[in-house]
Each structure stands twice: as C-alpha cells, then as structure tokens.
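Heads up, the thing below is written out as structure tokens.
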Amino acid sequence: MVIGVPKEIKPQEYRVAVVPAGVEQLRRAGHTVLIERGAGIESGFADEDYQALGADVVATADEVWRRSDLICKVKEPLPEEIKKIREGQVVFTYFHFAASRELTEGVRDTGCVAIAYETVVDRHGRLPLLAPMSEVAGKMSVQEGAKYLEKPMEGRGILLGGIPGVEPANVLVLGGGIVGTCAARLAAGLGANVVILDIDLYRLRYLDEVMPDNVSTVYSTPAAIRRHLADADLVIGAVLIPGARCPTLVPREYLKLMKRGAVIVDVGVDQGGCCETTRPTTHEKPTYVVDGVVHYGVANMPGAVARTSTIGLTNATISYLVRLANDGFEKAAKEDPGLAAGINMAYGKITNKPVAEAFGLPFEPYVPKR
C-alpha cells in the first residue's frame, strides 16, 4: 500500500503525522511511504531523516494525495485539501466533524473513507488516539491560562500560585477526563486552588483519592457551575462527548457572574466548546474578550509544542496505521470493532451517529464486509 503524509497547512500547525521511526515500521511491513518535502521540519525532523529510513520525499502535496491509497494527517483537511481527496481513498486524521457542517458535507461528498482518531476506542472503551493530545492540551491549558491572567494580556494580574501572604488563584475545571485531570494536576502543582466539576460520581471518587489536598471535586449542576464561576480566576473547559458537539455548560449570561479579567481556556473548541461565547482562534491571535472575560480558543493547542505532540501522537497511531496498511480498512475494521468506531464516513455515507445528528443528516451504520 502507498501511505501519504502531506505537510499540515492549518495556520500555525507545526506537527507531522508520522515520525521517521514510523516510516521504518511501515517500510519493514512492505509499504511505500510518501512524505511531502518539509513536512517534518517544524517538528524537528528533516527530509533526510525520513529518506534514511526509506521514505520517498516528494515535492508537492498534489503528488502525495494523487499517489496515496491512505492519507495520514494530524488535523482535518481544509477546503483546498478536500478537493484533492479521491473516492475510496482512506483518510486517517483528527476530523472533529461535529464542529463544522462545511467540513462534514465536504468530506462526505468526496466518497472517501474518513477514519477519525478521536472516535477510535480500545477494548476498555478508552480513546487511545485522542489521549496523548488530551494530555498535552490539558497541561497547556494551565500554562496558557496562567499567561493570559497577566495584566498585559488583559487578565486580572493574578499569579496562579500566589506567594506567601497573598492567596493563589482559583481554577475551575469543567470535566474530569484526561484533559481535566492533567489540567487540575498541573494547576495544583503550581499552587492554585482547584475545583473539578463532573457528572460521573465514580470518576469524582477516583479523582478525590489521587489528587492533592488543594483540589476539590464537585458534582456538576448548573447551580454548581454558577457558584464556582463567580470565584474562578481561570476556567478550563475540558468537556468531551466522543464524536459529538460539546454541550454548552456556560451560556453567555453566566459571564456576568465572573470577575473582570478572568480567563476561559476552552479546550473543546474543536468540538464547538462548552462555553457559548467560545469561537476558534489561532496561535497568532489566541484570545479575545467578551463581557470582560478573556477567552482562549486555539483549536490546535498541541501544535505549539510540535515535537512533543508529534512524538506522542505517532506513538499512539502507528500501530493502527500499520494495521490499516497491512490489512486494508475493511479487514482491520472487521477484526477490531474499536477501529471500526473510528470510521465516521464511508463512500458518501455518514457512519457516525453523533456526527449525523449534529446537522440532521442521514446516518447509516458502518458494517464491515463479511
């Protein structure tokens, strides 16, 4: 099989979908790997690194898309990339379809097989291809939130951990999954007072056992959200429903409860975000202010730490990529229902129910061929 890795073109996206070590694994399995020239440079991998392990470095994205049976990317294809997708071509990447009707309909109409990292599950029901970027984004949410609490960044002028004689910041984490856990642990380590809200009591019990004393767990209700928003200096939106749009937990009217210069970092922005006022931003211009509250909505946060993110992502994806290349997506999906769950579209049909429901489009379950 021919596997293609184009250079990412989303603004300020510095990651690459496959590291040189991954090329070696694919080549040993007998596959051809096409890497667009310069695709790995921003993550610290030169073209020569790929060539040394058997990749064919090609000059243009057009050639990668034209020659490849399977395209492996990091972020969703942009409109100019959607035009390059062929019917039946397998595209393996983060799609986050529920955040964009244009993307959903555009990819559907190509007739490709769209396998989304974010809905692949393992035998324990976990999200193995989303997990490493959730870990990065969770830690980055506190790092970025602390920066934008600074006064020159339009924040409150609060040091997250305080100093002796001055109380630390209050951090509210909406969601106790991987993002929320990583965010809470880092914020607590910096000395902030942290509250985690979630609706899963078993998860809250677990977090209550493993978190330090400056982290509290609270069952999430609208009343609890309002109460803790009023105290929060930094709010981390860490809500995820796999494949679906994030629920709105913070409507605009709640912003009036918050302190002027408080910061919201909505990690779920690529799934619509859990705050009504969230909209996607870029690393170049990451924040905006609504009703006195600073909003950080960068939709590809891990791209800022490209080398860490690229290595972490490909550590998780490479075994799936090798399996897809060795067996083809039909056989691989038949043998692994968790991988089949990653198939969001196939041959012009939407096969992921939350994606179809997000836009009122027809849904047809994917059934691997016998």
Side-chain angles (χ1 to χ4, degrees), residues 10-11 13 15 73-78 91-108 114-121 125-138 140-141 144 173-183 197-200 220 225 235-252 264-283 286 295-304 309 313 316 341-345 350-361 363:
K10 190 180 183 79
E13 178 52 70
R15 289 172 288 182
K73 279 177 48 60
V74 177
K75 292 301 291 181
E76 75 282 355
L78 298 185
V91 183
F92 190 38
T93 189
Y94 287 118
F95 279 104
H96 297 292
F97 282 118
S100 171
R101 176 182 283 272
E102 180 183 11
L103 172 67
T104 299
E105 293 181 339
V107 174
R108 178 201 61 186
I115 305 179
Y117 294 159
E118 70 271 13
T119 62
V120 172
V121 297
R126 298 172 301 201
L127 302 170
L129 307 188
L130 189 61
M133 295 304 94
S134 295
E135 291 165 343
V136 172
M140 281 194 69
S141 67
E144 297 300 306
V173 180
L174 300 173
I178 293 176
V179 171
T181 299
C182 289
L197 268 63
D198 202 286
I199 58 173
D200 184 339
S220 183
I225 292 171
V235 177
I236 308 295
V239 179
L240 172 70
I241 300 177
R245 197 190 188 287
C246 287
T248 299
L249 302 184
V250 182
R252 180 166 184 169
I264 295 174
V265 178
D266 201 339
V267 178
V269 62
D270 49 11
Q271 290 286 92
C274 65
C275 301
E276 183 182 0
T277 44
T278 293
R279 59 176 171 80
T281 61
T282 66
H283 291 291
H295 290 58
Y296 179 99
V298 176
N300 61 328
M301 290 174 65
S309 296
L313 176 61
I343 301 174
N344 282 208
M345 297 182 188
I350 298 176
T351 56
N352 179 280
K353 191 173 184 180
V355 171
E357 290 178 342
F359 305 110
L361 296 171
F363 160 69

Minimal non-hydrogen separation, G342 against V120, with atom names
CA-CG2, 3.7 Å

Quick one, V250 and L174 - any side-chain contact, counting heavy atoms below 4.5 Å?
yes

Does T104 use its side chain to pair, donor to acceptor, with the backbone of F97 at less than 3.5 Å?
yes

Residues A131 and I178: closest non-hydrogen pair is CB-CD1, 3.6 Å

I'd like to know if the side chain of T248 and the backbone of C275 have a donor-acceptor N/O pair within less than 3.5 Å.
no

Verdict with reasoning, V269 to M301, per side chain to side chain contact (heavy atoms under 4.5 Å, CB included)
CA-CA 10 Å; V269 62; M301 290 174 65; over 6 Å; no

Residues which pass ring pair (Phe, Tyr, Trp, His ring centres under 6.0 Å) with Y296, listed by chain and number, not counting sequence neighbours:
Y148

Name of the residue among V355, N352, L129 meeting side chain to side chain contact (heavy atoms under 4.5 Å, CB included) with T119
N352

Could you walk me through whether L361 and R108 pass side chain to side chain contact (heavy atoms under 4.5 Å, CB included), step by step?
CA-CA 11 Å; L361 296 171; R108 178 201 61 186; 4.0 Å; yes

Main chain of C274, side chain of D266: is a donor-acceptor contact present, judged purely on distance under 3.5 Å?
yes

The reported gap from CG in N344 to CD1 in I115 (rounded to nearest 0.5 angstrom) is 9.5 Å

For I199, does the CD1 atom sit with more than 12 other heavy atoms under 6.0 Å from it, leaving out its own atoms?
no

Smallest heavy-atom separation, M140 atom then A304 atom, equals CE-CB, 3.9 Å

Minimal heavy-atom distance between A183 and S141, with the atoms involved, is CB-OG, 3.6 Å

Filter on salt bridge (charged side-chain N to carboxylate O under 4.0 Å, His left out), then keep only pairs touching residues 129-138, sequence neighbours left out; what's left?
none

Are the side chains of Y94 and D270 in contact, using a 4.5 Å heavy-atom criterion?
no

Distance in Å, M345 CE paired with I343 CD1, rounded so as to fall on 0.5 Å steps:
12.5 Å

Start with the C-alpha distance between I350 and F359, add both sets of side-chain angles, then the distance that settles side chain to side chain contact (heavy atoms under 4.5 Å, CB included), and finish with yes or no.
CA-CA 11 Å; I350 298 176; F359 305 110; over 6 Å; no

In chain order, what residues pass the salt bridge (charged side-chain N to carboxylate O under 4.0 Å, His left out) check against E105, with sequence neighbours excluded?
R101

Could you give the distance from NE2 (H96) to CD (E118), rounded to the nearest 0.5 Å?
4.5 Å

Please report the shortest heavy-atom distance between F95 and P77, naming the atom on each side.
CE2-CD, 3.5 Å

Derivation of the side chain to side chain contact (heavy atoms under 4.5 Å, CB included) call for N300 and V74
CA-CA 10 Å; N300 61 328; V74 177; over 6 Å; no

Among D200, L197, V239, which one satisfies side chain to side chain contact (heavy atoms under 4.5 Å, CB included) with S220?
L197

Answer yes or no: is there a side-chain heavy-atom contact under 4.5 Å between P354 and I241?
no

If you take all heavy atoms of A238 and V179, which pair is closest and at what distance?
CB-CG1, 3.5 Å

Side-chain contact, heavy-atom cut-off 4.5 Å: M133 with R15?
yes

